[in-house]
Amino acid sequence: MSDRAALLKGIRAWLAVFVVCLVLSGATAFPLVHELRWAESLVNATSAPEHLPGLADWITRVRQGLDAADAEYPFLLYGTDWLAFAHLVIAVAFYGPYRDPVRNIWVVEFGMIACAGIVPLALICGPIRGIPFWWSVIDMAFGVFGVIPLYVVRRRIKRLEALTAVPATAVAVSG
């Protein structure tokens with residue numbers, strides 16, 4: 001296998017992992033009410049309430065809030081439907097670098113910027129919305145861990161670009 005083919009295969013594998021994670025993250029934003037009921041049952045079935053009472057209390061509080069919103073103001077959950085949709089649309093955008101990584105490196109860089117933007121968003125909006133700091137750290141981890149495969153992909157795309165670049169002397173001779 002040539003260096004170019006190996007780089008392309010690696011780029012596509014990393015992009016596929018990233019896209020699967022984006023799709024899963026988006027898809028889980030649709031059934032939030034049911035997921036929180038399930039999560040609360042799971043947490044309460046373990047020793048988490050004893051060892052991590054803050055986590056157990058937070059999951060219960062969020063579940064109660066979602067139940068109340070779902071019962072009285074279901075239109076509020078429409079916002080999370082749009083969040084889910086945004087994840088799915090962003091995932092589709094990564095087809096460009098999957099198909100032609102060098103030409104569409106900007107999508108990867110956009111994704112890296114978006115991952116970096118998670119940190120200030122969590123630090124600013126978390127306290128405003130009454131989110132516990134430790135939960136904001138979990139949210140920020142999505143950006144920190146999300147940027148890792150994109151960074152690897154960007155480096156590989158730059159190597160692929162260098163391999164496929166036409167030397168300046170070859171262009172001058174043929175022109």
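Note that the structure is predicted; figures quoted are calculated from it, not measured. Throughout, residue positions are numbered sequentially from 1 according to the sequence presented.
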Residue Phe75 excluded, over 12 heavy atoms near CZ under 6.0 Å: yes
Where Ala122 and Pro127 come nearest, the two heavy atoms and their spacing: O-CD, 3.7 Å
Test log, rule side chain to side chain contact (heavy atoms under 4.5 Å, CB included), inputs Leu123 and Met140: CA-CA 8 Å; Leu123 290 173; Met140 288 184 280; 3.8 Å; yes
Rounded distance (nearest 0.5 Å) linking atom OG1 of Thr60 with atom CD of Glu40: 3.5 Å
Asp70 side chain to Leu66 backbone, donor-acceptor under 3.5 Å: no
Lys/Arg N to Asp/Glu carboxylate O, Arg63 vs Asp67, below 4.0 Å: yes
same_hphob_cluster(Ile131, Leu52) at 4.5 Å side-chain heavy-atom cutoff: yes
Minimum-distance pair of heavy atoms, taken over all atoms of Ala29 and Leu83: CB-CD2, 4.3 Å
Spacing of CZ belonging to Arg99 relative to CZ belonging to Arg12, to within rounding of 0.5 Å: 10.0 Å
Mutual orientation of the aromatic rings belonging to Trp134 and Trp58 [parallel < 30°, tilted 30-60°, perpendicular > 60°]: perpendicular
Nearest-0.5 Å distance that lies between atom CH2 in Trp38 and atom CD1 in Ile59: 9.5 Å
Approximate separation, where rounding is to 0.5 Å, of Leu42 CG and Leu36 CG: 12.0 Å
Path from Ile138 to Val62 over hydrophobic side-chain contacts below 4.5 Å: yes
Heavy-atom side-chain proximity of Val23 to Val19 below 4.5 angstrom: yes
Test item: Ser2 side-chain N/O and Ala5 main-chain N/O as donor-acceptor pair under 3.5 Å: yes
Same apolar cluster: Val92 and Ile11, side chain cutoff 4.5 Å: no
Nearest heavy-atom neighbours spanning Asn44 and Pro49: OD1-CG, 3.6 Å
Hydrophobic cluster membership, Trp14 vs Tyr151, 4.5 Å side-chain cutoff: yes
Value rounded to 0.5 Å, distance of CZ in Arg159 from OG1 in Thr164: 13.0 Å
Atom pair CD (Glu109) and CE (Met112), whose distance is rounded to the nearest 0.5 Å: 7.5 Å
Thr28 side chain to Leu24 backbone, donor-acceptor under 3.5 Å: yes
Non-hydrogen atoms of Val102 and Ile157 that approach each other most closely: CA-CG2, 3.8 Å
Qualifying residues under ring-ring contact (aromatic ring centres under 6.0 Å, His included), relative to Phe30, sequence neighbours excluded: none
Heavy-atom side-chain contact between Pro97 and Ile105 under 4.5 Å: no
Pro149 side chain near Val17 side chain, heavy-atom distance below 4.5 Å: no
Parallel, tilted or perpendicular: rings of Tyr95 and Tyr98 (30°, 60°): parallel
Pair Glu161 + Lys158: basic N to acidic O under 4.0 Å: yes
Joint hydrophobic cluster, Leu121 plus Trp82, side-chain heavy atoms closer than 4.5 Å: no
Gly10 to Arg156 - nearest heavy-atom pair and separation: CA-NH1, 3.3 Å
Closest approach of Leu150 to Gly111 (non-hydrogen atoms, all atoms of both residues): CD1-C, 3.5 Å
